[in-house]
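Order of the sequence lines sets the chain letters (A, B, ...), proteins ahead of strands, with each chain counted from 1.
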2 protein chains.
Amino acid sequence: MVKRVSLWDAGCPVARSLDVIGDWWSLLIIRDAFDGVRRFNEFQTSLGIAKGMLATRLRDLTQRGILETAPASDGTAYREYVLTEKGRGLFLVIVALRQWGEDHLYRPGEARSSLVDTETGAPVARLELHAENGRPLGWSDTRVQKSGNG
Amino acid sequence: MVKRVSLWDAGCPVARSLDVIGDWWSLLIIRDAFDGVRRFNEFQTSLGIAKGMLATRLRDLTQRGILETAPASDGTAYREYVLTEKGRGLFLVIVALRQWGEDHLYRPGEARSSLVDTETGAPVARLELHAENGRPLGWSDTRVQKSGNG
DNA sequence: CAGTATCCCCCCTGATACTG
DNA sequence: CAGTATCAGGGGGGATACTG
């Protein structure tokens, strides 16, 4: 972000997404937002981020339509930061990152958080890609069809 | 990466993943690798990245077990960079980023690449989260169960 | 609590030149 | 082609102080 080189115009949705949220802090802020964090100070202590950086990131994410501010729910004069619908659309990105981390970045038995179905308390099913007809698809079963850059 | 602050130890798989691939260039390199890019120069021209940066990133990703080098398939003395199984595990992260970009970052009719089923040529199905029993799950139907930091 | 303002360093990143 | 080496800059990012 505030990118020296922008791949926005490359015609690849992956690059364009990264242009918007592809920096270290943004996705962590968004992750916290999904976990119910709403206040400036909550983000700050949760992430250990410098206040100035946090203010900048919060402002950027708001300008990009990923967060929006709302009056504080506790009646104080402060703002709260909540995900917009566009921001909530990033849920699967977070889930995919979580799944990969669980798969490849932990030693067996090492403590970690997990995502569960609120209704049953059971872990959610693994994320999978499918074809139109429901057939499971691996990376080698797909191809990027270019109308611009892939 | 080469992070001043590391959230590796926070017990959150999302943070740990971002610690490994959470910078601008890494995911773009990985995206290219999924698209069949293998050679140093291919990456360089495809991304417009500086050679020094590319060399560093390639080395980092290799050290982290996401890429590995192989002898050039054309018989030259050079190396090729290919995804390991761990690297291929990032497929769904790329797909999720692509889907979000398509959903929220393009004007109607704007040219962009898309992911299709090689066998049928049809676009892949939308990525979705499900419960153990197959019920579709939205972000509000889930909860992060902490055993560490969420 | 929720920021803004300031200072400052370091490293990310690009550009260029050089080597095998 | 596939890198390595070196230089230079800009801004990401932390720390601290200040304000409402």
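The distance from atom CH2 of Trp24(B) to atom P of dG12(D) is 14 Å, rounded to the nearest whole Å. Distance Gln44(B) CD to dT13(C) P: 15 Å, rounded to the nearest Å. Between the CG atom of Asp60(B) and the C1' atom of dC11(C) there is a distance of 13 Å, rounded to whole Å. In this structure, Asp23(A) places its CG atom 9 Å from P of dG12(D), rounding to the nearest Å. Counting to the nearest Å, the P atom of dG14(D) and the NZ atom of Lys51(A) are 14 Å from each other. What separates CG of Leu58(A) from C1' of dG3(C) is a distance of 10 Å, to the nearest Å. At whole-Å resolution of the value, CG in Leu47(A) and C1' in dG14(D) are 14 Å apart. Between Trp25(A) atom CH2 and dG14(D) atom P there is a gap of 5 Å when expressed in whole angstrom units.
The side-chain tip of Arg112(A) points at the ring of Tyr106(A) from less than 6.0 angstrom away and within 45° of straight on.
In terms of phosphate contacts, Arg57(A) brings a side-chain nitrogen or oxygen within less than 4.0 Å of OP1 or OP2 of dG13(D). Close to dG3(D), at under 4.0 Å from its OP1 or OP2, lies a side-chain N or O of Arg79(B).
Distance from the side chain of Arg59(B) is smallest to dT4(D) among dT4(D), dA2(C), dC1(D). Closest contact between the side chain of Ala50(A) and the listed nucleotides dA15(D), dA2(C), dG14(C) involves dA15(D). Closest contact between the side chain of Phe40(A) and the listed nucleotides dA2(D), dA2(C), dG13(D) involves dA2(C). Checked against dA2(C), dG14(C), dA2(D), the side chain of Met53(B) finds its nearest nucleotide in dG14(C). Nearest nucleotide to the side chain of Ala55(A), out of dT4(C), dG14(C), dA2(C): dT4(C). Distances from the side chain of Ile49(B) to the nucleotides dG14(C), dC1(C), dT4(C) place dG14(C) closest. Side chain of Tyr81(B), nearest nucleotide from dG14(D), dG3(D), dT4(C): dG3(D).
Sequence order on DNA chain D of the closest nucleotides to Gly52(B) and Tyr78(A) puts Gly52(B) first from the 5' end.
Under the 6.0 Å cut-off for aromatic ring centres, Phe34(A) and Phe91(A) qualify, their centroids lying closer than that.
For the pair Asp103(A) and Lys86(B), the salt-bridge criterion is not met [side-chain N within less than 4.0 Å of a carboxylate O]. The residues Arg143(B) and Asp117(A) are annotated as not salt-bridged, no charged nitrogen and carboxylate oxygen being separated by less than 4.0 angstrom.
Among the candidates Asp23(A), Leu28(A), Ile29(A), the single residue satisfying the side chain to side chain contact (heavy atoms under 4.5 Å, CB included) test with Ser26(A) is Asp23(A).
Using a 4.0 Å heavy-atom criterion, one finds that Phe43(A) contacts no nucleic acid atom at all.
Across all strands shown, dG20(C) pairs with dC1(D); the Watson-Crick or G-U wobble distances both stay below 3.5 Å.
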